[in-house]
Every structure is written in C-alpha cells, then in structure tokens.
S.K.: 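Take this structure, written in structure tokens, and hold onto it; I'll ask about it next.
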Amino acid sequence: MPLETVTTIAELRERLRPARWAGKSIGLVPTMGYLHRGHATLVDRARDDNDLVVTSVFVNPLQFGPNEDFARYPRDLDADRKMLAAHRADIVFAPTVEEMYPQPIATHIEVEGLSGRLEGERRPGHFRGVATVVGKLFNVVQPDRAYFGEKDYQQLQVIRRMVADLSFPLEIVGVPTVRDVDGVALSSRNVYLSPTERSAAQVLSRSLAAAAEAISAGTVDPQKIEAIVRGVLASEPLADPDLVAIAAADTLEPVDPKALPPAIALMIAVRIGRTRLIDQRVVAVT
Ligand code: PAF
C-alpha cells in the first residue's frame, strides 16, 4: 500500500475508523521528523507488530523553551516521506501547528515529580509539552502500540507513567538507541554539528561506555560513576556537560548503594559547540 499523507485530525480519524472496526491493530510512531535510521528502526518494529503503521511528523512548539531551537529545528517532509515509504509505513500524519493547536492550549498533561527532575530541571516545561502532545496523539490515533526510542530515556519513563496514570489503553514499546559506527547516537540535531564537532561528539558514548564497564566491574557508588563519566567528558575540549545523571532505571530515583536497583540508567546532556546532545545507557547491576 502506498504511503498516505494526512494533515488534519478529522481526516486521520476518518481514515482509521474502518481499520479499527475491522479489528486491525494500529502502531503509532510519534516523531518530530527529519527522520534517520533510529526512527526507521521504530517504524520497522511497528511494521512487524501491527496491521497499520501511522507515523506522526510534528515539531511540537509546546516542548521547546523560549531560548531553544524550535524555529531552526530541521524539517524535510519530502525526505521523511521517502524514508517512511521505504519502511512500509501506511500513513504519515503531518499536521500544522494551527491544526494541532487551533487556539492557545489551556489543557496540559503534567507527570508530576518525574517531569521536574534531571532533564526536566534543565528544560522547564519540556516534559509537560511532550506529555501533552503525546496524549493528544494517543487520543487522535487510538493506537494499540506506540514506539519510542530509549535515547530520550526520561521521556520514555514520563510517557510510561502518563499511560499508567491515565489508563491509556495501549502498550508503550521502548526501542534501544541506534548509533553510528563511531558510537554517536543518531539524532536529528546531529545535522547542526560541524565535522570537528561531529568527531568531538563521540565523547558522549565513550563516557557512558567507561561508566558501564565500571558498573559491570562492581562500582555502584553514584558519585564514583559520575566522576568516571565527567572524567571522560573532560578529555574533550569541545564538550560542555549540562547534565550527568545516575538513577535507578525503573523509577529514575537516585541510586542508593545500600538498596541497589536491578539496573542503573546513565543519562547525559552535553553541549558540543551550540548543539545540546543527549545520550543514555542502562546497565544491569549484577
Ligand atoms: O521524541 C520526540 O521526537 C518527541 O519528543 C515526540 C515524542 C515526538 C513528541 O513531540
């Protein structure tokens, strides 16, 4: 079936109704476009699991702070459509901001606690914007499953909590971070990097690998783990760490060495030049 492009909520609901009545399963891959292999992995997974695959492409203004890159966030719907067609998505939902928010939005979804910590502390309102648009997309598409990359690890936990708290009837599927051969996590924002910065960006995954090795070798003191991450990041002059977080992977609570969680999540945000990159790793505690 050729890829269909739908731009309005009414048209999308109309298009999905017969499929739902026919008992077909629907997989949703929410994105902000400028798709890369990481997104393709989510679409492939959705294709394997569902009868119908819907991908949304929407740069959501609610989740950008006033000094963030909403205006310059990369956009290329034609290229996105080609990739989605190649990966056999059925529908791309690409609404305008006016279609999604015809009036200034007065209703928000706030996952308290989780949204305000770590990355949420650095980017006030970010997770509220994410939860609100994802909740709205769930309402419009009513998928059976929705797919998110683990690279945005805290985002994934916020969405899981929102789904549990508000009883959204769907399964959230987290998909491991996809990396280039040099270890750099794929991100639409990598396009901002100059060749020198692109090479410097390798330090993010190197710092996580060093910490993961230490945890596997028995280091569980969060301060020591943080020092390992920061030590590797400090070896790269272009890297300016904004966040180094060590948390229990399931709750994102601080790690208590006396009551260790089954797995530790390492989450970092690092500025390379003007570009803020994030990366993560989850390491089992043995
Ligand atoms: O991860 C993203 O690309 C965005 O935060 C999402 C989930 C599509 C919501 O706008």
Side-chain angles (χ1 to χ4, degrees), residues 6 9 12 27-43 45-46 53-65 68-77 79-80 83-84 87 89 91-97 99-101 105 107-111 114-115 118-120 122-141 143 145-163 166 168 170-178 185-192 243 267 269 275-280:
V6 175
I9 291 172
L12 184 61
L28 171 67
V29 182
T31 81
M32 297 207 299
Y34 215 72
L35 305 179
H36 49 65
R37 266 190 303 122
H39 296 112
T41 308
L42 302 180
V43 174
R45 186 68 200 277
V53 176
V54 180
T55 301
S56 58
V57 170
F58 178 63
V59 185
N60 171 37
L62 294 188
Q63 68 190 74
F64 288 79
E68 293 184 0
D69 57 344
F70 173 69
R72 72 175 189 127
Y73 195 86
R75 294 158 168 92
D76 187 347
L77 186 57
D80 292 345
M83 172 182 272
L84 291 172
H87 288 267
I91 297 173
V92 55
F93 176 51
T96 60
V97 172
E99 174 67 14
M100 285 296 270
Y101 307 122
I105 194 157
T107 309
H108 293 94
I109 301 179
E110 175 91 43
V111 179
L114 203 47
S115 290
L118 308 173
E119 183 76 338
R122 308 299 186 284
R123 304 183 68 190
H126 170 67
F127 289 120
R128 182 170 97 149
V130 169
T132 302
V133 78
V134 170
K136 182 158 171 131
L137 288 167
F138 288 174
N139 240 344
V140 171
V141 177
R145 299 177 192 86
Y147 297 79
F148 296 89
E150 284 178 359
K151 180 167 76 72
D152 297 272
Y153 192 78
Q154 190 173 356
Q155 166 175 287
L156 180 59
Q157 303 312 315
V158 166
I159 291 166
R160 285 192 193 285
R161 183 63 194 260
M162 171 185 84
V163 163
L166 299 182
F168 279 101
L170 81 160
E171 182 192 346
I172 299 297
V173 183
V175 177
T177 301
V178 179
L186 296 189
S187 162
S188 305
R189 288 189 170 100
N190 289 350
V191 72
Y192 299 148
L243 172 73
M267 289 159 286
T275 308
R276 188 175 186 275
L277 298 176
I278 62 169
D279 203 348
Q280 60 72 231

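For ligands, and for the atoms within them, numbers begin at 1 and follow the listed sequence.
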S.K.: Suppose we measure from atom 5 (O) of ligand 1 to each protein heavy atom; which comes out shortest, and what is that distance?
M.R.: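 Answer for atom 5 (O) of ligand 1: Q155 OE1, 2.7 Å.
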
S.K.: Taking atom CZ of R161 as the centre, report whether more than 12 heavy atoms of other residues, nucleotides or ligands fall under 6.0 Å from it.
M.R.: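 At most 12 heavy atoms, drawn from other residues, nucleotides or ligands, come within 6.0 Å of this atom.
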
S.K.: I'd like to check whether T31 has a polar contact with ligand 1, where a contact means an N/O of the residue lying under 3.5 Å from an N/O of the ligand.
M.R.: no

S.K.: With a 4.5 Å limit on heavy-atom distance, are the side chains of Y147 and V43 in contact?
M.R.: no

S.K.: Tell me the contacting part of I159 for ligand 1: side chain, backbone, both, or neither, using a 4.0 Å heavy-atom threshold, strictly below.
M.R.: neither

S.K.: Do you see a donor-acceptor pair shorter than 3.5 Å between the side chains of N60 and Y101?
M.R.: yes

S.K.: Counting each atom of ligand 1 from 1 as listed, which ones have a heavy atom of V133 under 4.0 Å away?
M.R.: 9 (C), 10 (O)

S.K.: Nearest 0.5 Å, please: how far is CG in L28 from CZ in F148?
M.R.: 6.5 Å

S.K.: Give the single entry among H126, H39, Q63 that approaches atom 6 (C) of ligand 1 most closely by any heavy atom.
M.R.: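 The nearest heavy atom belongs to Q63.
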
S.K.: How about Q280 and T177: does a side-chain donor come under 3.5 Å of a side-chain acceptor?
M.R.: yes

